[in-house]
Structure formats: structure tokens, C-alpha cells
Amino acid sequence: MKASTTISNLKHHDGEEVTLAGWVYKNRPSGKLVFLVVRDGTGLCQCVIEKGDASADYFDDAKRLSQEASVVIRGTVNADERSVGGYELRVTGLDIVHASTDYPITPKSHGVEFLFKHRHLWFRSQRQFLIMRLRHTLIDAIRSFFNTNGFTCIDTPIFAPSAGEGAQTLFEVDYFGDPVYLAQTGQLYLEAACMSHGKVYCFGPTFRAEKSKTRRHLTEFWMVEPEIAYASLDEVIDVAEDFVCSIVERMLNDHRDDLIELGRDITELEKIKKPFYRVRYHEAAELLRGPKAKALLERDLEEKNARITELDQLIIDLEAQGETAKKQWQKDKAAQEIVAAREESSELKEQVANIPHHMELAANFKIGSDLGGSDETIISRLHDKPVFVTHYPASVKAFYMRRDRENPDLVENFDMLATEGFGEVIGGSAREEDYDRLLKRISEEKLPQADYEWYLDLRRYGSVPHGGFGLGLERTVSWLCGLRHIRETIPYPRMMGAVYP
RNA sequence: UCCCCGAUAGCUCAAUGGUAGAGCGAGCGGCUGUUAACCGCUAGGCUGUAGGUUCGAGUCCUACUCGGGGAGCCA
């Protein structure tokens with residue numbers, strides 16, 4: 001009942017007899033042959049069972065095996081191009097560990113709602129399996145970067161007595177009769193820790209009660225936050241740049257094939273090398289109001305409209321194809337392509353409808369307001385590498401951000417916009433190290449000073465310039481894997497109105 | 001919170017206001033070094049809920065519930 005090797009290691013056992021322990025991914029039985037595709041958590045392997053084999057008393061059982069039955073299977077390894085993964089197993093023995101009947105997730109298409117209701121089973125599907133492996137590697141790459149660059153991991157609490165950021169987006173929890181909040185960030189706690197260790201980071205779940213139902217939002221997500229003592233804004237940005245380069249490189253090294261299988265355009269990731277672009281907020285505003293942004297959106301409008309026309313024609317053609325098709329599977333295929341084309345078309349139509357609005361927002365962008373989602377997309381798409389946008393107006397940013405000493409209307413902060421319009425992945429800043437300035441900001445924001453006494457202490461005893469940033473893990477996974485929706489990047493997504501399973 | 005779209009078999013989708021269908025999946029049989037195989041048969045439905053219009057509603061109208069997409073907000 002125990003595996004002697006794994007599917008990923010079959011290449012080292014060509015010609016030998018091995019035992020695999022796994023689950024049936026697909027079964028194609030016939031009169032004299034059974035093709036069993038088995039997965040074992042390391043890959044897929046086709047196992048061939050012939051009725052002619054003298055000892056094949058398990059042939060009829062094998063024929064009836066259905067999707068996701070658990071099996072321990074012995075056989076001889078053969079290199080074979082016709083097989084997934086290049087190796088197949090000529091079966092010599094089969095133990096059925098547990099049957100599986102009416103497995104809900106079939107190889108055919110399913111809707112999003114259905115799949116997420118079956119998240120606990122959906123994990124087993126190849127694509128979800130790959131995404132979780134990529135996420136795993138990314139987590140390791142993140143920790144490795146900090147661990148090998150002199151950072152100490154200091155975990156911060158999840159129950160927090162007061163808000164780190166906007167108070168409307170907090171989850172309130174009853175804590176022995178008193179209200180506490182689920183942490184939105186560990187930053188303030190980390191600032192304290194960096195005064196002890198110099199360079200620190202935390203990596204854990206954070207919670208935002210934002211009522212947003214978009215492809216970019218989760219109510220529970222993972223964030224890594226480094227914090228560095230004696231660092232200026234530029235030095236913090238340097239770290240962010242090295243950090244992003246190192247995780248991208250690691251993903252390309254370890255998962256090139258997986259990324260390609262997921263449909264990711266690798267060449268876009270290969271461009272992510274130092275130096276990234278650094279643009280001040282005021283320059284970004286000029287960019288938005290300038291001719292390049294306008295041209296980009298106009299070209300977008302043209303391309304999208306052209307694609308819509310193309311899709312409409314495609315739908316007509318497919319309908320004709322479906323009617324004249326002789327084979328049922330051809331009709332089926334046409335029908336499914338129609339569904340896909342309609343979906344793409346209606347999505348594009350919505351985007352097209354939004355473009356004039358986005359153009360207006362960009363063209364009339366007012367200095368002093370925050371960059372909107374569409375503005376970020378425009379700036380990101382005007383560059384072929386990530387962009388750091390720095391020095392935002394203080395009025396739209398958090399109280400702890402360090403005032404620009406040369407221009408007191410601005411703060412020393414930065415957002416890193418990912419490539420290809422994926423939007424903000426990192427937000428960071430230099431922190432206000434001056435006691436009086438910080439205290440003034442706390443009272444301006446009408447925050448309860450008593451709650452922040454410990455935080456003010458950091459400015460009473462040996463305060464130094466320092467700063468850090470936060471990177472959203474799931475947004476990074478979706479950026480690097482090229483996934484259109486963030487919900488696939490976390491094992492159990494928590495979104496507005498979605499907490500099952 | 002606002003705008004748009006949707007809800008029909010276990011799943012994915014059809015169905016001029018006029019008898020609810022197909023494919024997949026499931027079950028049975030046949031057949032093939034198969035790659036979403038294929039062929040035949042069988043089972044499977046109070047068309048999201050509640051009202052309304054109509055001789056007649058899956059289809060039209062209203063409200064609600066749930067889901068998807070977008071806006072705002074954000075990592």
C-alpha cells in the first residue's frame with residue numbers, strides 16, 4: 001500500500017517496476033485495454049492495463065474505476081511519447097483503496113460559482129494544483145529573500161486594539177466583551193521591532209472588510225511587510241526593486257513550464273529587471289493628462305471595437321458551423337466556442353463603455369486626488385517594467401507617512417504598479433520619525449492619542465529615519481501567473497458573501 | 001452603496017407567448033493505443049422565490065434572493 005516512487009521521479013526508473021499511490025484523474029476503458037491517468041500530487045501518469053495479461057484479474061475492476069478513486073498501482077515504467085509526462089506504466093498490479101462515485105467536477109466546463117462551492121475538490125484539478133504550487137514557491141522565494149538579506153521575521157498580532165488604516169474597513173471581533181479588530185497590517189508593530197533588529201519583516205494574513213466585489217479583492221489575504229531602520233525612501237525603494245527582481249527570477253527558474261502551461265506570456269516576466277521606473281506623483285499626473293495616455297486609450301478603443309466585430313462574425317460563423325456539423329461533438333464544440341465568444345464580447349463591450357469615462361478621468365486628473373484604478377492601469381501600461389509612483393499628496397495618505405521636508409504638501413511614499421495593467425502590488429513609505437510632526441498628524445486625523453502612546457514612544461527614544469512596504473501575496477500570484485481573478489490564487493478565498501467551504 | 005447581465009436536468013447550455021430539449025456526467029451494452037474518444041439504450045425537471053398581465057408564461061411586467069461583471073475603495 002505504499003508508493004516506491006512518485007510520478008515526478010519516473011524518469012529515474014525507466015524499465016523498472018515501481019509502485020505509485022494516487023488517484024484516478026481520467027479513465028478510458030475499452031474492450032481489451034484500460035487507459036488510466038493517475039495523479040499523485042507530483043504529476044500525471046498514464047497507466048495501461050491489458051486484458052491479455054495473464055495475471056490481470058483486476059481488469060474488470062480497473063474498467064469500472066471512476067474519477068478520483070484512490071489506487072495503489074504497480075507497473076513497469078516505459079518512456080512513451082503518447083503519454084502525458086513522457087512516461088507510462090505497464091500495469092502489473094492494482095489495489096483499489098477507495099472508490100469514488102459521481103465525482104462532481106468533470107473534465108467538461110463548469111461555472112465559477114459551482115467550482116468555488118467545490119473548492120475542497122477543485123484543488124485536485126491540474127490547473128488549481130499548479131497555481132497552488134506556484135504560490136508555495138512564491139512564499140518560499142519571499143522568505144528566502146528577506147532571510148538571506150539580514151531581515152529577522154517578527155510576527156505581528158492579528159487581534160489589534162485599533163485601526164492601522166481606514167476605520168471603515170475593519171472587522172470587529174468581540175474580545176472578552178471589548179471590541180478589537182482583525183489586523184489590516186502589521187506595520188506599526190513592525191516599526192517597533194525594526195528599532196530592535198534593524199531589518200525585520202512579517203508575513204501573515206490580513207483582513208479588510210471592504211465591500212468590494214472585484215477580481216482584485218479578498219477580505220482575507222496574505223501580506224509580507226519589511227521594515228528597515230536608518231533607511232531613506234530611496235533606499236526602501238531599492239530594496240523593493242531587488243526583492244521583486246529576485247522573486248520573479250525564482251519563479252522563472254523553478255516554474256517556467258508551469259507558467260507556460262498556465263498560459264503566461266513569459267517574455268513579459270523576463271523584462272522585469274533593474275532598474276524599474278520611478279515617477280513622481282506630479283509627473284504621473286502630467287502623464288495622465290498628456291497625449292500618450294489619450295493615444296493609449298484611443299488605440300485601446302479601436303482594438304477592442306475591432307475585436308468585438310471579429311467576435312460577432314465568429315459567433316455567426318460558429319452558429320453556421322454548428323448547424324452544418326455532422327458529428328455531435330463538433331456541434332458541441334461550436335456551441336461552447338460560441339459561449340466563450342459571447343462572454344469575451346460582452347466583457348469587451350463593458351470595457352469599451354468604460355473607456356470614455358477613463359479618458360475623462362485621466363484627462364481631468366486633479367492634483368491632490370488619489371490615483372484611481374483606471375489611472376494606475378494607464379500608467380502601468382505606458383511602461384514595460386514595474387513603475388514606482390512616489391511623493392503623493394499628504395492629504396490622501398496615511399498619518400504615519402513621512403512629510404517631504406522640501407514640499408510639505410507631499411509625503412515620502414511609493415506605490416509599485418505591476419506590469420501589463422495588473423495594478424498596485426506594493427505600497428510603502430518612509431515613516432514620520434519626528435515626534436511633533438507625528439503627534440500633529442494623529443490629532444489632525446482625530447485618532448485617539450492614548451491608543452498610539454506606544455507608537456509615539458518609538459519617536460521618544462532614539463527615533464531614526466525608517467521605512468518599509470507591504471506586498472500583497474495574492475495579487476503577486478495573479479500578476480506572475482497571469483490570472484485574471486485573484487480568487488484562484490488563495491486556497492480558500494474569502495470574499496464579500498463567500499465563506500464556504 | 002451604485003450600474004449592467006444572468007438564474008431551465010448533477011454540470012454546461014438550447015427552446016417566435018403555444019407539448020421543456022441537447023451534450024457531458026451517471027447506469028447498462030458494444031467497440032477502439034486512447035488523449036474532451038466513439039456508437040446504441042436507460043434514468044434524470046414545480047424552469048431561483050413571491051406576485052401580476054394573458055385563453056395560455058421558461059419566455060412579458062414588478063419585487064425579492066442568489067450569482068457574475070464593472071464603478072468607487074484598496075494590497
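Every chain is numbered from 1, with letters handed out A, B, ... down the list of sequences.
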Legend entry - Check: A/R216 side chain, B/G72 base, donor-acceptor under 3.5 Å: no

Legend entry - Closest nucleotide among B/U12, B/G33, B/A75 to the A/E88 side chain: B/G33

Inset, instruction - Name the closest nucleotide to the A/R215 side chain, picking from B/G68, B/G33, B/G70. - result: B/G70

Inset, instruction - Between A/E376 and A/R28, just flag the one whose closest nucleotide in RNA chain B comes earlier from the 5' side. - result: A/R28

Inset, instruction - Could you say whether A/H357 or A/D415 is positioned toward the 5' end of RNA chain B, judged by the nucleotide with the nearest heavy atom to each? - result: A/H357

Inset, instruction - Quick one: closest heavy-atom pair of A/F414 and A/L233, and the distance? - result: CD2-CD1, 3.8 Å

Inset, instruction - For residues A/D300 and A/R381, report the shortest heavy-atom separation together with the two atoms involved. - result: OD1-NH2, 2.9 Å

Inset, instruction - Go through B/A36, B/C11, B/G33 for me and flag the one nearest to the A/V48 side chain. - result: B/G33

Legend entry - Gap between atoms OH and P, on A/Y392 and B/C73 respectively (whole Å): 12 Å

Inset, instruction - Decide whether A/N413 and A/Y281 meet the rule of one side-chain donor and one side-chain acceptor closer than 3.5 Å. - result: no

Legend entry - Exercise: identify the closest heavy-atom pair between A/I7 and A/D40: N-OD2, 2.9 Å

Inset, instruction - Begin from the C-alpha positions of A/R39 and A/Q126 and carry the test side chain to side chain donor-acceptor pair (under 3.5 Å) through to its verdict. - result: CA-CA 9 Å; A/R39 53 168 199 87; A/Q126 188 61 6; over 6 Å; no

Inset, instruction - Quick one: do A/E225 and A/T185 satisfy side chain to side chain donor-acceptor pair (under 3.5 Å)? Show the steps, please. - result: CA-CA 8 Å; A/E225 298 177 273; A/T185 167; 2.6 Å; yes

Inset, instruction - Between B/A36 and B/G25, how far apart are the P atoms? Round to whole Å, please. - result: 12 Å

Legend entry - Sidechain N-carboxylate O distance under 4.0 Å for A/E445, A/R441: yes

Legend entry - Out of B/G68, B/C74, B/G33, whichever nucleotide has its closest atom nearest the side chain of A/R208: B/C74

Inset, instruction - Calculate the interatomic distance between A/F114 atom CZ and B/G48 atom P; express it in whole Å. - result: 18 Å

Inset, instruction - Consider the side chain of A/D370, meaning its heavy atoms from C-beta on, and name the nucleotide among B/C74, B/G33, B/U12 that approaches it most closely. - result: B/C74

Inset, instruction - Identify whether any heavy atom of A/F221 sits under 4.0 Å from a base atom; if not, whether one sits that close to sugar-phosphate; answer base, sugar-phosphate or nothing. - result: base

Legend entry - Base of B/C74 paired with side chain of A/H217 (donor-acceptor, under 3.5 Å): yes

Legend entry - Whole angstrom value for the distance that separates P of B/G25 from CG of A/L115: 17 Å

Legend entry - Stem list, RNA chain B (Watson-Crick or G-U pairing under 3.5 Å, at least 3 consecutive pairs): B:1-7 with B:65-71, B:10-13 with B:21-24, B:26-30 with B:38-42, B:48-52 with B:60-64

Inset, instruction - Scan A/H485 against the nucleic acid and name what it touches under 4.0 Å (heavy atoms): base, sugar-phosphate only, or nothing. - result: sugar-phosphate

Inset, instruction - For A/Q67 and B/C11, give me the distance from atom CD to atom P, rounded to whole Å. - result: 15 Å

Inset, instruction - Check every atom of B/G72, B/G33, B/U12 against the side chain of A/Q46 and return the nucleotide holding the closest atom. - result: B/G33

Inset, instruction - Can you check whether any acceptor in the base of B/G33 is under 3.5 Å from a donor in the side chain of A/E50, or vice versa? - result: no

Legend entry - Side chain of A/I486 (C-beta onward), nearest among B/A75, B/G68, B/G10: B/A75

Legend entry - Distance-only donor-acceptor check, side chains A/Y400 and A/Q187, under 3.5 Å: yes

Inset, instruction - Please determine if A/R264 and A/E420 form a salt bridge, counting it only when a charged side-chain N lies under 4.0 Å from a carboxylate O. - result: yes

Inset, instruction - May I ask you to say what A/G423 touches in the nucleic acid, namely base, sugar-phosphate or nothing, with a heavy-atom cut-off under 4.0 Å? - result: nothing

Inset, instruction - Answer with base, sugar-phosphate or nothing: what part of the nucleic acid does A/R487 contact at a heavy-atom distance below 4.0 Å? - result: sugar-phosphate

Legend entry - Whole-Å gap separating C1' (B/G68) and CD (A/E488): 14 Å

Inset, instruction - Would you mind telling me which of B/A37, B/A75, B/G33 lies closest to the side-chain atoms of A/E424? - result: B/A75

Legend entry - Atom-to-atom span, CG of A/N78 to P of B/U34 - whole angstrom: 17 Å

Inset, instruction - Answer with base, sugar-phosphate or nothing: what part of the nucleic acid does A/L218 contact at a heavy-atom distance below 4.0 Å? - result: base

Inset, instruction - Please state the P separation for the pair B/U16 and B/U59 - nearest whole angstrom. - result: 13 Å

Inset, instruction - Would you mind telling me which of B/C11, B/G72, B/G69 lies closest to the side-chain atoms of A/L361? - result: B/G72

Inset, instruction - Side chain of A/E113 only, please: which of B/C11, B/A75, B/G67 is the nearest? - result: B/G67

Legend entry - ring centroid sep under 5.5 Å plus plane angle under 30, A/F35 with B/G33: no

